[in-house]
Amino acid sequence: MTKSFDKTEWGLLLALPVLICLTFLLPAWVVNYIQVSLGTGLVALGVMIQMRAGLVSFGQGLYFCIGGYTAGLAGKFLGISDLFVLLVMGLLASVVIAFLLGFLLRRYREIFFAMLSLAVSMILFGLLSSTEELGSTDGFNLPQPTYLGWAPEGDLGETVLYVVTCVVTLGLALGLNRVLRSPLGYINEAIRENELRVEYLGTSAHRAVHITYVIAAAVSAAGGVLWAMALGHVDPEMTNWTTSGQFVFVSILAGTGNIAAPLIGTFLLEIVRVYAVEISPNTWQMILGTLMLLTIIFLPRGLWSLIASAKRKTAAPKASEIMEGN
Amino acid sequence: MASGKQAARSSAIRKSRHILMTATTLGLASVLAAAAPAQAEEGSVKIGFVTFLSGGAAGPFGVPARNAAELMIEAINAGSVPAPYASTGLAGKSIDPIFVDENSKQKNADYQKLVEKDEVDMVLGYISSSSCKAIAPEAEKAQKLTILFDCGTPQIFEEIVTDPQYTFRTGAHATMDNVAAARYLADTGAKTGSYAGINQNYAFGQDSWRDFSASMAQIDSNAKIAAEQFPKIYAGQYGSEISALLTSKPDVVHSSFWGGDMEAFVIQGSARGIFERAKVVLTTGETAMHRLGAQMPDGTIIGARGPHGDLAPESELNDWFRKAYYDRFGTLPTYPSYKMAQALLGVKAAADKAGSTDQDAVIGALKGLEWEGPSGKVSMALANGHQAIQGTAYGTYEFDKETGKASLVDIVRYDAECVNPPAGMNSIDWINSGFEGAKCD
Amino acid sequence: MLTAVAIAVDGLGFAAWLFLSSVGLTLVYGVMRILNIAHGGFYALGAYTSAWAIGLYTQTGSTIALTYLIIPLAALAAGLVSGLLVERGILRFMYGRDEVLMVLVTYAIFLVLEDATKLIWGTDSYVSYQPAYWLGTIDVFGLPYTVYKFLIVGVAILVGAALYFALNHTRTGKLLLVVIEDREVSSALGINVTLFFTVTFVIGATLGALGGALTAPEISVVPGIGAEIIVMAFAVIVIGGMGSIGGAMLGALIVGFSRAAFVHLYPPAELFSIYLVMAAVLTVKPYGLFALSESRKI
């Protein structure tokens, strides 16, 4: 694949230094929300690429959890704290499991895919919730990450973890963008439009779905590792259906138009929630629900359509858009 | 649809997009602007309160705790709490609260926001053990005084933060609830030939059953386990579980159900006679006593996760608290309210003793402190003065049909040293050692 | 033997509750192709209205017998008001949108309903056990069961039969089947599709509220009960086949009996029994047991 960088990819590359600079510009608590949003945003990204093939996974928390728990278990029982090793382990675990489950799930579409993926994730939830050795529903804590033998402490440690999170997230986003532009990406869109035609044209829809499922699982697991390391704690709530549901809602709300949309959407939703809680701690869900409805009414194609339509109007892109990866 | 209409509509959509776009930009800008630290009001202490304000734990725990916090803050600021807490504020400074919902996926980020953006002087809260496990290390990292007031897992200072500097817990952990329940059965001469458990299938329920069955094995080595049921939390329907309990014919049924689940179990179980066929122990039964009234069968053994609520010893402070709470909210305070009041009075006692609300001064004074709460004496005896121990009590339910009043009789009190492991000893090891070094009267 | 009987009766009781809680969901999906998360909100509204009304009524000290009238009335009131508000106020502007987007819409509505319920009734629990007690218990092989449980089983059968009859043996029902089959053609034939949608949604909401209202006397009504039934109801209708009334009944029976069996024979697995069953059924029958056949458009 020797395609040149498209606008999105340039945007992602430019976003990296911007994101890293933010850690010095913004107060630490905002950076913290950005960091956790990148972790969960990766899972939303996993949901989004499946959505491009018309598949709605209501159980993506499964791989989010597998990533987090793999890192946690490796830390707890093997004493591994190297972030890169943990990432690789999380990816491997998720790819193996997704590859096997894929044979089952690739036959399903629409609501049946959604519910079966939900069922599988809830079985893991049940297993973890009854494993007292792993803290049951309370979960357990993770060690501080190290990097190839380097163990930065305190503020430096947090900054390093943030930077690594940004690099990994944007790297994966870039890779996924390549996937969307590859033949697989176009086959997926064709599957969403009309699967039967894809089969008539001589391509295996099952195979494309299977590959997409594994890729989505890997990305989500990476998100799980990064999120768990930032938090220092994992619990089975990661694979509960309410968590998976939120990933789906973010993806729909953000729109499937661009690879950056779920990442930005996750952060925006998080900030909206924080302010809703601050304004009205007792009825913040109502505020959140109302805002969601308004967004759907006015922006049926997701938040990303705001940026897309603005772009069409102004020929010269503004700096803010470059930052957001357009 | 006419094309003109369509055009008008699409232009309207475009306009609204513009508005939304501006709104989003403004929203982002305000986030950044708000990020600039807001100056705290001079002469006040800002406390972040984190309890469940939505979800299933809000009704039984989160909201009663928040109510108690509101009541106590007002009383402390006005100086209307009885002696020795009659002075105004914390060392003269009034409390300025900010409430946050614990029901959030990003608890740690929310905590950081409280500390950095809202610039609270301390954080007080956390009901779920899962939250406490995640927050305790965060508090140490942020170097911010954090007081856990309710969560039950013994692991906090046994495993998670073994050398706490900034984290305190003003409530005893959950081990004593179940140790005392087993002791109470023995002390009241209940038949304990076989016992069964119905506990929620999550950490608190599993731990409760583990501690209770281990304690029973120590206290009555002939007792046998008849059945173990672990329904999903918030299941609400316990028909099958009750049938399974009935068919196993136990002498004792232990349950750490709480809130709506516990009330549902009492309603469904009492209708089907499980309370007549077995002695039922409800370790958190106190929260439902006054609501269920005649529906709670007489003879049920009731706990309150400490000497709270109806199990609280008589004192001027307790009478004042019950009356003030009832006058304001129309119900009697339950144990989450007591625990919140206990935590706030502990903070007040520490600040008054130090004569300052400076973080280091409060921490220094709170370490190893002893104070009187509405439920009696509390002392920060474990984990280098960071973990409270407290006695507990159990009672037997009795409903007076004439007056329509629920009360507890045959109350047995247990000293802290009788139902808690000594410093440095793991809870389950202590039970299995036969309660080594326990001092019971 | 005793265990087998207990499993049968417990399973039946649980299945009846599941069916009543999920039949509205399958009806709305079958007709409108909306996977309605707000169904949980209607269930909670029904439960609160019923518990609250029973509480007010019993305070007067009158005969308990009338509470059995209060329950369906409470469900009707809650379902009519909230169903009409949601359908006329929000959903009708969204018809024709993507199915997935509609899930998000109903989720947003659910969030709003949750807090609205909290604003109306507060966070304290409501108990209204009188109707569940008044009828007493009967012994089945020495195991006492409340008569109320059997009453719920009866209501579930009645609701199922009524829906079946209304759909297959009335003119309106047959027209509705046409709407399900092809929306555009039926619209062209002069069927008022919008009216059908409104009525269906309100009936669905009322059925959800009825599930809650009937359950209220057996439980303690607290915030969050709506969220609990959503996934369970989804599982039931997916197992049975989306949009099929008979499927919902069969799904409820399968889930009900298997859960009861797990509780009696292997309690630790109760937590995920429903998901095990769903995974097992979908593996064998990928579109549920009573899948409606759909013509694939090339």
Side-chain angles (χ1 to χ4, degrees), chain B residues 52-64 66-67 103 197-198 200-202 206 227-244 246-248 259-268 270-274 276-277 287-288 291-295 329-331, chain C residues 2-3 5-7 9-14 17-18 111 114-115 118 122-130 132-133 135-137 140-146 148-149 215 217-225 227-229 232 256 259-265 267-274:
Chain B
F52 284 104
L53 300 175
S54 63
F61 297 149
V63 170
R66 185 206 59 201
N67 287 347
N103 188 14
I198 175 163
Q200 291 143 324
N201 204 347
Y202 81 118
Q206 293 155 3
E228 297 176 290
Q229 286 294 335
F230 283 106
K232 189 178 102 60
I233 188 170
Y234 305 138
Q237 298 275 339
Y238 304 107
S240 312
E241 284 84 356
I242 290 168
S243 297
L246 284 168
T247 49
S248 71
D261 286 5
M262 186 252 299
E263 294 176 12
F265 175 68
V266 173
I267 291 170
Q268 292 165 29
S270 64
R272 297 180 58 192
I274 185 97
E276 291 154 30
R277 299 185 188 196
T287 59
R291 191 163 21 244
L292 289 177
Q295 217 36 55
F329 301 108
T331 55
Chain C
L2 184 60
T3 304
V5 172
I7 290 175
V9 181
D10 291 334
L12 191 65
F14 193 66
W17 174 73
L18 278 176
L111 286 181
E114 276 269 289
D115 274 357
K118 221 160 63 177
T123 52
D124 273 344
S125 67
Y126 281 76
V127 283
S128 57
Y129 50 82
Q130 292 87 351
Y133 268 70
L135 293 173
T137 58
V140 181
F141 287 85
L143 271 185
Y145 284 95
T146 55
Y148 188 77
K149 198 90 217 169
T215 316
E218 293 190 297
I219 61 167
S220 157
V221 181
V222 288
I225 54 167
E228 286 308 306
I229 68 130
M232 202 118 63
R259 182 178 175 276
F262 273 115
V263 167
H264 281 279
L265 304 175
E270 186 274 343
L271 191 58
F272 47 92
S273 60
I274 187 166

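Chain naming here is simple, since letters A, B, ... match the order of the sequence lines and numbering starts at 1 in each. Side chains included, hydrogens not; waters and symmetry mates left out as well; all remaining heavy atoms used. Predicted model only: the values in this text are computed from it and were never measured.
For chain B, the nearby part of C:Leu143 is the side chain; its heavy atoms alone come within less than 4.5 Å. Both the backbone and the side chain of C:Ala260 come within contact range of chain B, judged by heavy atoms closer than 4.5 Å. Only the backbone of B:Ile233 comes within contact range of chain C, judged by heavy atoms closer than 4.5 Å. With a threshold of 4.5 angstrom between heavy atoms, B:Ile274 does not approach chain C through any atom at all. Proximity to chain B (any heavy atom under 4.5 Å) is restricted, for C:Pro268, to the backbone atoms N, CA, C and O. Only the backbone of B:Glu228 comes within less than 4.5 Å of a heavy atom in chain C; its side chain stays farther off. With a 4.5 Å cut-off on non-hydrogen atoms, B:Ser248 does not touch chain C at all. For chain B, the nearby part of C:Thr137 is the side chain; its heavy atoms alone come within less than 4.5 Å.
Interface check for chain C: of the options B:Met262, B:Gln237, B:Lys232, the most heavy-atom pairs under 4.5 Å are formed by B:Gln237. Highest contact tally toward chain B, considering only C:Ile219, C:Ile225, C:Asp10, is held by C:Asp10 [criterion: heavy-atom pairs under 4.5 Å]. When the candidates B:Ala264, B:Ala271, B:Gly260, B:Ser240 are compared by the number of heavy-atom contacts under 4.5 Å with chain C, B:Ser240 comes out ahead. Between chain C and the options B:Ala58, B:Gly273, B:Pro231, the largest number of non-hydrogen pairs under 4.5 Å is found for B:Pro231.
A heavy-atom distance below 4.5 Å is not found between the side chains of B:Ser54 and C:Glu114. Side-chain atoms of B:Gln229 and C:Glu270, non-hydrogen and from C-beta on, never get closer than 4.5 Å to each other. Residues C:Val263 and B:Ser243 fail the side-chain proximity criterion, which asks for heavy atoms closer than 4.5 Å. Proximity of B:Ile267 to C:Tyr133: side-chain heavy atoms (C-beta onward) are separated by under 4.5 Å at one or more points. With contacts defined as side-chain heavy-atom distances shorter than 4.5 Å, the pair B:Arg277/C:Pro144 qualifies. By the 4.5 Å heavy-atom criterion applied to side chains, C:Val127 and B:Glu263 are counted as neighbours.
Atoms CG and CG, from B:Asn201 and C:Leu271 in turn, are 4.5 Å apart once rounded to the nearest 0.5 Å. Of the inter-residue distances, the one linking C:Thr123 atom OG1 with B:Asn67 atom CG reads 7.0 Å to the nearest 0.5 angstrom. Between the CG atom in B:Leu246 and the OH atom in C:Tyr145 there is a gap of 8.0 Å [rounded to 0.5 Å]. Taken from CZ in C:Arg259 to CD in B:Glu241, the straight-line distance is 4.5 Å, to the nearest 0.5 Å.
Although no hydrogens or angles enter the test, the distance criterion places no donor-acceptor pair under 3.5 Å between the side chain of C:Glu218 and the main chain of B:Gln268.
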